[in-house]
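Atom set for the values below is all heavy atoms of this structure, side chains included, hydrogens, waters and symmetry mates excluded. Just so we're on the same page: letters track the sequence lines, and every chain starts at 1.
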There are 2 protein chains.
Amino acid sequence: MGESKPRRRGEQLERAILEAAWEELNEVGYAGVTIEAVAARAGTSKPVIYRRWANRAELVLAAWGRQSPMRPDFKDTGTLRGDLMALFGAIAHRADRMMGSMIAGVMGETFRHPEMAALLQERLKSPPMVQVIQKIIDRAVARGELAPVTVSPRAGRVPLDLIRNESMLCRTPVPDSTIAELVDEVYLPLLRGLQPNN
Amino acid sequence: MGESKPRRRGEQLERAILEAAWEELNEVGYAGVTIEAVAARAGTSKPVIYRRWANRAELVLAAWGRQSPMRPDFKDTGTLRGDLMALFGAIAHRADRMMGSMIAGVMGETFRHPEMAALLQERLKSPPMVQVIQKIIDRAVARGELAPVTVSPRAGRVPLDLIRNESMLCRTPVPDSTIAELVDEVYLPLLRGLQPNN
DNA sequence: TCACATAAGAAACGCAACGTACTTTAAAGG
DNA sequence: CCTTTAAAGTACGTTGCGTTTCTTATGTGA
């Protein structure tokens with residue numbers, strides 16, 4: 001066999017596997033991902049994968065972890081509503097159909113592999129979100145749109161939670177109309193209600 | 001063989017299967033449910049199940065459908081906050097860990113069986129919720145706790161969505177402290193923010 | 001009352017993927 | 001250069017799927 005493909009190792013191989021896993025995930029969803037297909041796509045074999053991750057859920061979480069985290073751009077749209085629409089839109093854009101499938105899939109396996117629950121939860125807590133929202137609020141306060149407000153961690157997580165919920169249920173990209181509803185009928189009222197003079 | 005167990009048919013058999021499926025679901029979670037185990041528990045065989053439901057997701061949804069829907073008791077606790085705590089608590093009580101596993105599992109299969117997405121969504125829309133919340137609000141208005149407010153369908157779904165989200169992520173029964181957070185830091189402010197004089 | 005249509009029960013199948021074990025072979029490192 | 005490491009490849013037993021085939025109990029209606 002003259003064909004001797006250079007044999008990859010360590011970091012390089014691992015990256016190839018995780019990329020293959022991510023692509024599979026996007027094509028067939030969590031339930032459709034098989035270790036064998038990932039191995040084939042990465043041009044490697046099952047044992048190589050099993051040496052690194054104990055099961056599908058771990059592999060998928062690792063593949064997810066390699067994807068660059070959301071970097072919400074702070075560009076000022078000039079209004080509180082505009083900023084919120086942009087933020088919600090950015091979240092929704094990331095939380096597309098595949099995301100829902102993945103979260104659902106991993107979650108579905110936490111009965112068999114309870115240790116995954118913690119990993120998944122940690123991944124979903126998304127700490128930077130509160131700061132982003134606080135920044136948006138501070139700008140609105142500076143504009144005079146809002147009385148000074150501080151959001152609790154819980155209130156800060158609401159946008160992410162609501163959009164994740166929506167995108168998991170709907171399976172399709174969250175439509176703009178839904179984003180507008182969430183902003184106009186939920187989050188803007190919530191922020192107004194948090195103002196001290198109530 | 002003197003042992004001739006009476007052979008069940010139709011409705012009776014179907015009920016036995018769905019009950020067995022529900023019990024399996026509660027014991028091992030969606031990912032752990034196997035048609036074979038359900039058949040064994042119901043004292044029947046696989047073909048009998050496959051003759052009725054095309055796959056695990058359909059069977060599980062059917063089993064879920066037999067469970068009595070939530071009947072939120074309207075008992076007046078005397079305060080808006082008390083009523084909301086009771087409502088959120090009732091939702092959380094139903095949306096226990098198994099619920100999360102089931103929703104996640106069915107959702108995870110919507111890649112393979114897209115037709116399930118619609119069924120699941122319909123099941124989750126939970127129409128009566130808005131009326132319940134509106135009733136709670138009206139009582140608060142009558143008490144003078146709140147200026148008159150009407151909640152949009154979207155705002156009315158928020159409690160259910162947030163608690164479902166929470167219970168899916170946490171895997172454990174939603175603790176009272178979380179329910180209090182959702183009421184005090186999210187939903188009460190939201191209702192205040194919806195008042196017209198803002 | 002009996003014959004027939006229906007559907008339950010049971011066993012086995014081929015398939016796919018799991019997760020593991022074992023061998024061979026290429027690369028890395030002292 | 002020689003040893004160690006681990007990747008590639010193969011094969012295995014297991015499980016559950018969804019299906020097929022067959023037998024047999026049950027309810028219906030002639």
Side-chain angles (χ1 to χ4, degrees), chain A residues 1-21 24-25 27-62 101 105-106 108-109 111-113 115-116, chain B residues 1-21 24-25 27-63 101 105-106 108-113 115-116:
Chain A
M1 320 298 178
E3 304 303 325
S4 69
K5 285 165 295 185
R7 187 177 281 190
R8 298 158 300 180
R9 292 203 159 220
E11 191 59 35
Q12 185 192 0
L13 178 59
E14 188 158 324
R15 240 182 303 122
I17 294 170
L18 293 177
E19 269 167 35
E24 282 290 312
L25 211 38
E27 285 181 20
V28 296
Y30 183 87
V33 170
T34 69
I35 303 290
E36 273 157 353
V38 173
R41 186 192 279 263
T44 182
S45 61
K46 286 196 294 174
V48 174
I49 294 180
Y50 278 110
R51 238 172 263 136
R52 293 171 156 74
W53 301 278
N55 52 55
R56 182 170 55 159
E58 278 191 21
L59 171 62
V60 164
L61 281 188
S101 156
V106 174
E109 299 211 21
F111 247 93
R112 291 169 170 310
H113 305 284
E115 73 279 6
M116 309 274 4
Chain B
M1 319 301 178
E3 304 303 324
S4 69
K5 285 167 293 186
R7 190 178 279 190
R8 297 158 300 180
R9 294 201 156 220
E11 192 58 36
Q12 186 193 0
L13 178 59
E14 190 157 321
R15 241 182 301 123
I17 294 171
L18 292 177
E19 271 166 34
E24 281 291 312
L25 211 37
E27 284 180 20
V28 296
Y30 183 88
V33 170
T34 69
I35 303 291
E36 273 158 356
V38 173
R41 186 191 279 262
T44 182
S45 62
K46 286 198 294 174
V48 174
I49 294 180
Y50 278 110
R51 249 172 246 140
R52 290 158 205 275
W53 301 279
N55 52 56
R56 183 169 54 160
E58 278 192 21
L59 171 62
V60 165
L61 280 187
S101 156
V106 174
E109 299 212 22
T110 55
F111 247 93
R112 292 169 170 309
H113 305 284
E115 73 279 6
M116 310 274 6

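B/I35 places its CD1 atom 17 Å from the P atom of C/dA10, with the value rounded to the nearest Å. One interatomic measurement links the two molecules: CG of A/L59 to P of C/dA17, which rounds to 15 Å at whole-angstrom precision. Nucleotide D/dT21 holds its P atom 18 Å from the OH atom of B/Y50, rounded to whole Å. Distance NZ (A/K46) to P (C/dA16): 14 Å, rounded to an integer number of Å. Per the geometry, CZ belonging to B/R8 stands 22 Å off P belonging to C/dT6, to the nearest Å. Spacing between atom CD of A/E24 and atom C1' of C/dA17 amounts to 13 Å, rounded to whole angstrom units. Protein atom CD of B/Q12 is 16 Å distant from nucleotide atom P of C/dA7, rounded to whole Å. Spacing between atom CD1 of A/I49 and atom P of D/dA6 amounts to 17 Å, rounded to whole angstrom units.
Proximity of a side-chain donor or acceptor of B/R56 to a complementary backbone N or O of B/V33 within less than 3.5 Å is detected.
Rounded to the nearest 0.5 Å, atoms CD (A/E58) and CZ (A/R52) are 13.5 Å apart. Atom CG of A/N55 and atom CG of A/L59 lie 8.5 Å apart (nearest 0.5 Å).
Comparing B/G10 and A/E36 against DNA chain C, the residue whose closest nucleotide sits nearer the 5' end is B/G10. Toward the 5′ end of DNA chain D lies the nearest nucleotide of A/R51, the other residue of the pair A/R51 and B/A54 mapping further downstream. In terms of position along DNA chain D, the nucleotide closest to A/L13 lies nearer the 5' end than the nucleotide closest to the other residue of the pair B/R9 and A/L13.
Contact annotation: A/S45 side-chain N/O to D/dG9 OP1/OP2 distance is not under 4.0 Å. A sub-4.0 Å separation between OP1 or OP2 of C/dA8 and a side-chain N or O of B/T44 is absent.
Distance from the side chain of A/P47 is smallest for D/dT10 among the nucleotides D/dT10, D/dG16, C/dA17.
Looking only at side-chain heavy atoms (C-beta outward), B/I17 and B/L13 come within less than 4.5 Å of each other.
With salt bridges taken as basic N to acidic carboxylate O contacts below 4.0 Å, one links A/R41 and A/E27.
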